[in-house]
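In what follows, chains carry the letters A, B, and so on, assigned in the order in which the sequence lines appear, proteins first and then strands, with residues in each chain numbered from 1.
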Amino acid sequence: MAFLRTRYVLVLSLTLTLKAILLLIITSSMVVIDGKHPGCDEYYFGRREFSFTLENDVYLRYKSFKSVSSLEHAIKSCFPYKIDIGAVYSVDPDKRHAYSQTGTNVFTPVERELVFDIDITDYDDVRYCCSGADVCSKCWPLMTVAIKVIHTSLKEDFGFKHILWVFSGRRGVHCWVCDPKARRMTNEQRSAVAEYFRVYKGNENNARKVALMGYSLHPFLARSYVDLLKGFFEGELQANQSIFSTKDKYDKILEMISDEDIQSELREKWEKSANRSSLSEEAISLVRWDQLKNTLQSKKHKAPTLRMCVEEIVFTFAYPRIDLEVSKQMNHLLKAPFCVHPKTGRVCVPIDPNNCDEFDPLAVPTLSQLIEEINSGGSKMDVDDDDDDDTDTSLLGKSIKFFRSSFLEPLLKSCKEEIESSYKTKIDKSKDSFSW
Amino acid sequence: MEVIRSQKRTPSNDTVSNPKIPLYLTAPQMEVRLEEFELFAVDRLRVLKGVSDGLARGRNPKEMDDLVDTLWKEHMRDPDASLMFNKDIISHFVLRLVYCRSDELKKWFLSMETALFRHRFRLQNFEAQRAIVGEFGLPYKAVTGAELEGLKERLGQVVRSLGQISPTVEAVYYKVPFEEVPDLVASRRVLIQKGYAFVAGSQLVSLVVTQFRSHISKALILTNRKWTTTIREREKDRLTPIVEALSTSYLGPDYSQSTEYAEISLKDIDQVAKSSFPLCMRHLFEKVREDHHLKHGGRMQLGLFLKGVGLKLDDALAFWRAEFTKKVGSERFDKEYAYSIRHNYGKEGKRTDYTPYACQKIILSAPGAGDHHGCPYRHFSEDNLRAALGRMGLSSRGMEGVMDQVRNKHYQLACTMTFEAVYGTSCDAGINHPNQYFEESQKILKSKTPPAPV
């Protein structure tokens, strides 16, 4: 037993080294890359907060490291179950007590990626296949459509370029926006973006959780509806969830219609047809949706709250529900990409937003699979190997490659350009001051 | 600013072009009489308090414009325009001293001054507004020609989404980085493309308000520094007592220290909840008993209220533990929840002793999926609210009065009416803090029960 245990520990440490190395790649992207460039800030990395969650839920915040190798060393010696990444502060987090809270050296966040967290448990009231921590192929598409809606908006509306989507390991996704201007956003600006994305305003105390006012949708909502939500709702969501097939299910939707007469009209119609149909659940559901749409279309002039009732129903079921608190504050910590989720053992791999339909949360490599892979000596574990080998069949090979080429390299390039251009401006300015 | 004791007032040397609303960018070089120091500040404080009340009652922007106009005329007017202008400036800078001294004071002052500025700005005509925008030195250019044409359709969509049936796109739009107009972005009142927001001329107010707020926020930090390092000590016999008195006299009691009425023990808590808690706290309390859990917003709102009501830390821990361990187990409770309860009582972290939330804050909160905090008068649907009020013992007639207030968005008045109906007495002060509701209720109940025999 002891022998196996030692082996396990060895193997674990190898895996964690792998994790560490991957982390270093990420964190170095959030650092100056070319340490030799005179315009770089060599202390930047030291001011980044990390947090470790150790065995027995011991939680260590405000950890910071002078260099990438001391981070690696700490990971190998502490064996954290979870590693979170926080903000870059004005001074090294682990030295924060050395500075007083007044004066010019206050301990405060200076830069932090704009982050989003979408968790499928926030959709429990609209998914019938699972609840709580479970997730399956029938409800995961809710995450897929959420990624598409938010990603499109981040790019088209806000002009962000360096966006990383990561599987959270169990039942959701995280988004990291790493553009320099995103990192410098204030809490108020982050809050504004989060609110811009917010549509669902509800809990069990109110029936109409999405209220779309006005005479048309805002262009962002309209685009999301036309390009993504409508098709998803009428296709995949209906097929997976059959949201009108039973009385319990359709009552919930009827309550969203703010006109009692229309509610009773539809309810009566559906109660009558309940037992007589030989159609499948899915087909019944689609028929009823059509009936609802037609009824509302003909009667929507009755009240302003009916004007966009159809859209409200679609938005209630399909529109992304982000956790606002995560995005609003710079000091909020978020799990690092490529971590292993402590409860499922799955690796938090990146998700390609342009291909997210293909992503299957139940097929993500787990820690035990990785251990097996290492033990069987089947793959090279040297992550820094620049082998562009498409035959790399290691479990994480594809994810690492994607991370590197689609996210890391462009970001490094852009950071370098930024350093160079701001350095150049500085030089030019000082040249001016020397002119007589 | 020089504060003097002399009876004569030296004429102001203000050669500023005198825009109607000062931007308070620099402290004025003028002499102020000691009596005016306090009086001006008190008058401005009345205005700010009125603004605060208006916001808490959920007044819409137009109503706030009128309210600000009335308040300003009532408290700040002077037949001499330049004297009125001086009073404006002096009172603002005095209040900066008063409200720079803690985070909570800063936050309140910043919110109220920003709101005041916003509505005073809206009351100006377009030319005056343009002048003020110019004063801030904002470099935004108008969008014209082909670019504007290309955006017209979507700009029209934005206008329609805001409730205007015909999409009249304005003549002038400004292309502004979205970071500069966070409130317009948050409420989706502008078109955003590739990082730029297209702000209509009529929305200029957002632009300037952001600038204004940012400037005042930074200024408060500097003022605080100056206060703690030099002014407080130097003025300890003259201005400091005035400054210190000004902040406590107008915000009302903050209920962070429990009073004689307000000590409750764990064994009485269910009964007390039924008899004396306001609806918001009753709901949260019932949910804790029912679900053996509350999300963060609810834990904060109820937890701090209980602290204000006099529940000691040990009793609080026992209460939350008794409920939560039914669902999450004792280990998880200790790990995940006990810390933040102690945090609320100022026993962890930066050891701030947090104050219970006033109605204004609760009304402005945003409960989401799975939450039960917030103000039921605002956040509940009509049916749920009626049911809850019924459980509190309101008759159908009493309920109508309350629902009427709710429909008009007078949430605190609705709560006050509920109080009056439940206890059969009038409450002239009006409810603006859940702990106030509790204390008033306890006063009434205690006066009705005969004293225990010795």
Side-chain angles (χ1 to χ4, degrees), chain A residues 56-59 101-104 106 121-125 153 155-161 179 181-182 184-209 212-223 255 304 308 321 323-325, chain B residues 153-167 177-197 210 213-214 221 224-225 228-229 283 295-297 331-332 335-336 339 350 366-372 374 376 379-381 383-385 388:
Chain A
N56 293 327
D57 284 338
V58 173
Y59 185 64
Q101 278 303 309
T102 57
T104 47
V106 183
T121 49
D122 285 338
Y123 291 74
D124 278 356
D125 60 317
S153 181
K155 272 190 8 205
E156 297 302 321
D157 300 342
F158 293 98
F160 292 126
K161 300 195 173 65
D179 296 50
K181 72 168 181 170
R184 290 177 203 136
M185 282 169 73
T186 64
N187 286 353
E188 194 190 359
Q189 290 158 351
R190 287 162 204 265
S191 195
V193 176
E195 288 291 336
Y196 178 83
F197 286 139
R198 184 183 196 220
V199 170
Y200 180 88
K201 285 182 186 169
N203 50 36
E204 63 191 56
N205 295 319
N206 53 9
R208 189 165 156 243
K209 300 164 171 55
L212 298 171
M213 315 297 273
Y215 290 90
S216 91
L217 292 172
H218 181 278
F220 156 57
L221 299 180
R223 178 190 66 213
E255 270 161 34
M308 289 199 274
R321 300 180 186 185
D323 185 338
L324 295 165
E325 291 309 310
Chain B
E153 190 187 328
R154 281 182 295 156
L155 289 172
Q157 255 184 318
V158 174
V159 170
R160 293 193 78 217
S161 77
L162 296 172
Q164 224 184 292
I165 190 162
S166 64
F178 78 89
E179 292 95 332
E180 304 282 342
V181 284
D183 53 333
L184 291 178
V185 169
S187 47
R188 291 192 293 264
R189 296 215 302 278
V190 280
L191 174 68
I192 308 179
Q193 184 174 266
K194 294 295 188 204
Y196 288 95
T210 311
R213 179 181 249 274
S214 151
I221 297 175
N224 186 35
R225 213 169 282 164
T228 45
T229 53
H283 178 68
K295 283 184 115 175
H296 180 260
E331 249 189 76
R332 255 191 83 185
K335 272 179 220 160
E336 295 182 22
Y339 178 89
K350 65 178 172 149
D371 284 323
H372 295 289
H379 297 117
F380 276 25
S381 67
D383 288 339
N384 284 332
L385 184 54

Heavy-atom pair count under 4.5 Å with chain B, highest-scoring of A/Lys181, A/Lys155, A/Met308, A/Arg321: A/Lys181

Under a 4.5 Å heavy-atom cutoff, which of A/Pro219, A/Ala194, A/Gly214 has the most pairs with chain B? A/Pro219

[atom1] of [X] to [atom2] of [Y]: how many Å apart, nearest 0.5 Å?
{"X": "A/Glu188", "Y": "B/Asp183", "atom1": "CD", "atom2": "CG", "answer": "7.5 Å"}
{"X": "B/Lys335", "Y": "A/Asn56", "atom1": "NZ", "atom2": "CG", "answer": "6.5 Å"}
{"X": "B/Arg332", "Y": "A/Asp57", "atom1": "CZ", "atom2": "CG", "answer": "9.0 Å"}
{"X": "B/Glu179", "Y": "A/Phe158", "atom1": "CD", "atom2": "CZ", "answer": "9.0 Å"}

Counting distance only, does the side-chain N/O of B/Arg188 pair as donor-acceptor with the main-chain N or O of A/Leu217 below 3.5 Å? no

Closest approach of [X] to [Y] (non-hydrogen atoms, all atoms of both residues):
{"X": "A/Ala192", "Y": "B/Pro182", "answer": "CB-O, 3.2 Å"}
{"X": "B/Ala369", "Y": "A/Tyr200", "answer": "CB-CE2, 4.0 Å"}
{"X": "A/Asp157", "Y": "B/Ile192", "answer": "O-CG2, 3.0 Å"}

Please classify the contact between [X] and chain B as side chain, backbone, both or neither, with a heavy-atom cut-off of under 4.5 Å.
{"X": "A/Leu221", "answer": "side chain"}
{"X": "A/Met185", "answer": "side chain"}
{"X": "A/Arg190", "answer": "neither"}
{"X": "A/Phe197", "answer": "backbone"}
{"X": "A/Phe220", "answer": "side chain"}

Above 12 or not: heavy atoms from other molecules or residues under 6.0 Å from OH of B/Tyr196? no

Counting only heavy atoms from other residues, nucleotides and ligands, does the tally under 6.0 Å from CD of B/Glu331 exceed 12? no

What part of [X] lies closer than 4.5 angstrom to a heavy atom of chain A: side chain, backbone, both or neither?
{"X": "B/Ala197", "answer": "neither"}
{"X": "B/Val190", "answer": "backbone"}
{"X": "B/Phe178", "answer": "side chain"}

Side-chain touch A/Glu325/B/His296, heavy atoms, less than 4.5 angstrom: no

Please examine the side chains of A/His218 and B/Gln157, heavy atoms only from C-beta on, and report whether any two atoms are closer than 4.5 Å. no

Checking side-chain contact (heavy atoms from CB on, under 4.5 Å) for the pair B/Gln193/A/Glu156: CA distance, chi angles, key distance, verdict? CA-CA 6 Å; B/Gln193 184 174 266; A/Glu156 297 302 321; over 6 Å; no

Could you tell me which of B/Thr210, B/Asp383, B/Leu385, B/Val185 has the largest number of non-hydrogen atom pairs under 4.5 Å with chain A? B/Val185

